Amino acid sequence: MKKMLALILCVAMCFALGAYTFADVATTDPSSSDVPSTDVPSTDVPSTDVPTTDPANKFIDVADDHVFAEEIYWCADNGYMIGYKDNTFRPANNITRAQVCTIFWRLAGAPTGAADAGYADAAYIASDYVVAVNWAKANGVMIGYYDNCFRPDQAITREEFVAVFYRFVGSPATAGSLAGFADAADVKAPFVNAMAWAVENGIVIGYNDNTLLPQNALTRGAMAAIVYRYFGNVASTEVA
């Protein structure tokens with residue numbers, strides 16, 4: 001009887017140990033590390049409504065005296081940045097990689113027919129952005145990361161955005177210089193030419209303390225200002 005009880009106890013312990021080992025392996029599955037947040041944006045999907053032409057009735061969070069009001073309304077009137085379904089623009093929000101793709105796609109005339117980009121995290125790209133993301137990959141405007149992920153909801157930095165803009169216009173030669181900025185050395189090497197081009201063409205002016213802050217996230221208001229300065233061909237002196 002004692003031998004039988006000992007055998008049963010041994011089997012039970014082995015089973016418990018096996019179950020614990022399986023659970024531990026399951027929680028450390030390395031494949032999960034390549035998957036971005038499972039929070040697919042809902043309220044961050046732009047409205048597809050055509051913007052109104054009356055600035056007073058356009059965005060409830062952009063007053064006429066907002067530092068980027070003119071730039072924001074110009075972008076809206078031209079259909080490049082059209083705001084959210086609750087009639088807000090959210091100028092202080094960081095702009096995401098997917099949103100940046102969509103804006104340049106609109107600037108290009110909203111073309112269709114690009115092949116699927118084949119990103120590993122394609123399931124996390126909201127449907128509103130898929131066509132634009134595919135177009136950006138096909139045209140070398142935004143090409144994703146080394147792990148074949150696009151990271152659509154990740155905020156884009158100021159230097160990354162300038163690089164995207166630079167590719168969009170064909171990566172022209174530049175005689176621009178960053179020497180006058182206090183933090184010029186902070187611009188990462190792959191972005192130096194793009195940032196020099198942006199400074200040369202007056203679309204990135206910098207801040208009042210003579211900095212570029214290249215690794216700071218770009219806000220929606222600042223993006224509107226940069227797009228306006230280039231495509232609106234109107235000089236702006238506000239910092240961005």
Side-chain angles (χ1 to χ4, degrees), residues 41 43-114 126-136 138-142 152 155-156 158 160-172 194 197-205 217-240:
T43 58
D44 286 345
V45 176
S47 168
T48 55
D49 295 335
V50 176
T52 61
T53 55
D54 181 2
N57 297 324
K58 198 172 297 178
F59 301 121
I60 61 175
D61 59 345
V62 181
D64 289 344
D65 60 353
H66 187 280
V67 66
F68 293 132
E70 182 176 357
E71 292 91 333
I72 288 169
Y73 288 133
W74 180 87
C75 285
D77 287 338
N78 286 278
Y80 302 139
M81 300 180 76
I82 56 180
Y84 293 84
K85 293 177 180 178
D86 60 358
N87 202 33
T88 61
F89 185 81
R90 309 179 195 178
N93 279 24
N94 296 336
I95 195 158
T96 69
R97 289 171 51 80
Q99 290 170 338
V100 168
C101 266
T102 301
I103 291 162
F104 280 107
W105 173 71
R106 290 177 186 145
L107 285 164
T112 58
S127 59
D128 297 66
Y129 303 127
V130 170
V131 173
V133 169
N134 289 342
W135 165 85
N139 288 274
V141 175
M142 293 184 78
I156 196 166
R158 289 167 55 81
E160 288 170 342
F161 173 73
V162 166
V164 172
F165 205 142
Y166 185 58
R167 293 186 203 122
F168 179 78
V169 299
S171 302
W197 167 82
V199 168
E200 179 187 18
N201 286 276
I203 62 173
V204 170
I205 298 172
L218 185 74
T219 66
R220 290 173 52 80
M223 176 165 180
I226 292 171
V227 170
Y228 172 78
R229 288 170 190 158
Y230 188 83
F231 292 101
N233 197 27
V234 179
S236 172
T237 57
E238 299 302 339
V239 297

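What you see is a predicted model; the values in this text were computed from it and never measured. Numbers for residues simply follow the sequence, beginning at 1.
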Donor-acceptor check, side chain of [X] to backbone of [Y], threshold 3.5 angstrom: yes or no?
X    : Y    : result
R220 : P91  : no
W105 : P111 : yes
Y166 : P172 : yes
D86  : T88  : yes
N87  : K58  : yes

Minimal non-hydrogen separation, [X] against [Y], with atom names:
X    : Y    : answer
A63  : A69  : O-CB, 3.5 Å
V141 : R167 : O-NH1, 2.9 Å
R229 : I203 : NH1-O, 2.9 Å
A138 : A114 : CB-CB, 4.1 Å
P152 : T96  : O-CB, 3.4 Å
T102 : A132 : CA-CB, 3.6 Å

Q | side-chain hydrogen bond (donor to acceptor under 3.5 Å, both in side chains) partners of S171, counting only residues at least two apart | A | none
(Q) Going by salt bridge (charged side-chain N to carboxylate O under 4.0 Å, His left out), name the residues that satisfy it together with D61, two or more places apart in sequence or in a different chain. (A) none
Test item: [X] and [Y] side chains (from C-beta on) under 4.5 Å apart, heavy atoms:
X    : Y    : result
V169 : Y230 : yes
R158 : V204 : yes
M142 : I156 : yes
I95  : M81  : yes

Gap between atom [atom2] of [Y] and atom [atom1] of [X] - 0.5 Å precision:
X    : Y    : atom1 : atom2 : answer
T219 : N94  : OG1   : CG    : 7.5 Å
I226 : F68  : CD1   : CZ    : 8.0 Å
R106 : C101 : CZ    : SG    : 11.5 Å
F89  : I82  : CZ    : CD1   : 10.5 Å

**Q.** With Y80 via ring-ring contact (aromatic ring centres under 6.0 Å, His included) - residues at least two apart
**A.** W74
Q: Flag the pair F168 / W197 as yes when their ring centroid distance falls below 6.0 Å, and as no otherwise.
A: no
Q) So, F165 versus F104, ring centres under 6.0 angstrom or not? A) yes
Q: Could you walk me through whether Y73 and F59 pass the side-chain contact (heavy atoms from CB on, under 4.5 Å) test, one step at a time?
A: CA-CA 9 Å; Y73 288 133; F59 301 121; 3.4 Å; yes
